[in-house]
There are 2 protein chains.
Amino acid sequence: MLLSKSCVYGLRASLYLASKKEGEFIPIKRMSDKLEISFHFLTKILQQLTAEGILESFKGPNGGIRLNRPGNTVQLMDIVLAIDGEQLLTECALGLPGCGIKNPCPLHEKWAETRDAIRGMLENTTLTELVEKGRAENLRLTTDGGFDILFQE
Amino acid sequence: MLLSKSCVYGLRASLYLASKKEGEFIPIKRMSDKLEISFHFLTKILQQLTAEGILESFKGPNGGIRLNRPGNTVQLMDIVLAIDGEQLLTECALGLPGCGIKNPCPLHEKWAETRDAIRGMLENTTLTELVEKGRAENLRLTTDGGFDILFQE
DNA sequence: GATTATTTGGACTCTTTTATCTTAATATAG
DNA sequence: CTATATTAAGATAAAAGAGTCCAAATAATC
Ligand code: SF4
Ligand code: SF4
């Protein structure tokens, strides 16, 4: 798998948050219900994103999680790096340690192009962009429901 | 990681075999030594590739493993499919079940492009091509050694 | 101050992947 | 036929990833 499950959940949750009114704290429980992700597992993932400064948390009643900066400044790459690290973009195709152009394997050239495509995609896509697209076309973030179910209270 | 470790080892071993005289059986032990991969683990992986008809095995003294068809007809994709399956090319970015253009997620369009780049790279690269490149430029298939160490007896 | 809603953090379990070990089967050579 | 070199197959073990559970901390409300 390209991204770990934790990372995928982190992306889905971040998209969910980006779809909410700016500044509003959303309880993890509500997110985990809507997104059909284990509450406790999601909690751990959001803690990582909070620690990285991408999200902000607040305890107690009316507490929850929100984005720490505007959704149009958060790239997918930010979330991937926070959860999966830079492994995807450094280590690669033949998995040899200490990779790079100084000591390449035969696949390096071709793989480097592909890897750049992945990197570009993650860097050039923001949460807001996807939320707008999802909202406009009612795309899905869960197995069944369309995008709209995320906005019902 | 894009590819599982089994898959990466399978690729390295296949490249090794493609670098050998056509028709020659190479014992797994020699491969595992040269490529610095656990013998027993590599054995299992090669069994899969043999079962898929990509490699051919022969028991007993003078036995070993060889490619079952010319290296210039074996795409990297063949090996990836045999070991990791089509998961990489079907399941994807947001990991939602039953994906596809009929029921897409907001990332679908962007991801589909990236995925096609990966697919293209794996489909348009043959073992022979990489072996020739590796040989010409003495690229590496192991942590330390250059390509040439693979050809010492 | 007590109760309740929430996040935090740690321990624990389950599953999959990765790796090792042991025995059997097969082929060759003497 | 025996010894040896090899792959095949299955059992087991270790490590990593995914998921669960519980107690503690914090904040709001009554
Ligand atoms: S040489 Fe390049 S393609 Fe090969 S493993 Fe290293 S970074 Fe990846
Ligand atoms: S909709 Fe497309 S990008 Fe999204 S998870 Fe499915 S196949 Fe992947």
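Each chain gets a letter, A, B and so on, in the order the sequences are listed, and its residues count up from 1. Fair warning: this is a prediction, and the values are worked out from it, not measured in the lab.
Atom CD in Glu36(A) sits about 14 Å away from atom P in dG19(D), given to the nearest Å. Rounded to a whole Å, the CG atom of Leu17(A) is 14 Å from the C1' atom of dT7(C). Between Ile45(A) atom CD1 and dA18(D) atom P the separation is 9 Å, expressed in whole Å. Between Asn62(A) atom CG and dA27(D) atom P the separation is 13 Å, expressed in whole Å. Spacing between atom CZ of Arg12(A) and atom P of dA18(D) amounts to 13 Å, rounded to whole angstrom units. The nearest whole Å value for the distance from the CG atom in Leu46(A) to the P atom in dA18(D) is 15 Å. If you measure from atom NZ of Lys5(B) to atom C1' of dA14(D), you get 13 Å, rounded to the nearest angstrom. Look at CD1 on Ile28(B): it is 12 Å from P on dA9(D), rounded to the nearest Å.
Phe39(B) and Leu17(B) end up in the same hydrophobic cluster when Ile, Leu, Val, Met, Phe, Trp and Tyr side chains are linked at under 4.5 Å. By the criterion of side-chain heavy atoms lying less than 4.5 angstrom apart, applied directly or through intervening Ile, Leu, Val, Met, Phe, Trp or Tyr residues, Leu67(B) is not grouped with Phe25(B); the two fall into different hydrophobic clusters.
Taking each heavy atom of Leu15(A) and Val131(A) in turn, the nearest pair found is O-CG2, 3.5 Å. Contact record, Ser32(A) with Ser38(A): CB-C, 4.3 Å, taken as the closest heavy-atom pair. Taking each heavy atom of Asn124(B) and Glu129(B) in turn, the nearest pair found is O-OE1, 3.5 Å.
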Please encode protein proximity along nucleotides 20-26 of chain C as a string of B, S and -, counting only heavy-atom distances under 4.0 Å. BBB---B
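Of all nucleotides listed (dT7(D), dA28(D), dA29(C)), dA28(D) comes nearest to the side chain of Phe58(A). Side-chain proximity of Ser57(A) to the nucleotides dT18(C), dT7(C), dT7(D) is greatest for dT7(C).
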Leu96(B) and Arg12(A): side-chain contact (heavy atoms from CB on, under 4.5 Å), yes or no, with the steps? CA-CA 10 Å; Leu96(B) 302 172; Arg12(A) 299 227 289 259; 3.3 Å; yes
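Looking at which nucleotide of DNA chain D each of Ile26(B) and Ser4(A) is closest to, the 5′-most match is held by Ile26(B). Of the two residues contacting DNA chain D, namely Gly63(B) and Tyr9(A), the nearest-nucleotide position lying further toward the 5' end is that of Gly63(B).
No side-chain heavy atom of Thr126(B) sits under 4.5 Å from any side-chain heavy atom of Thr73(B).
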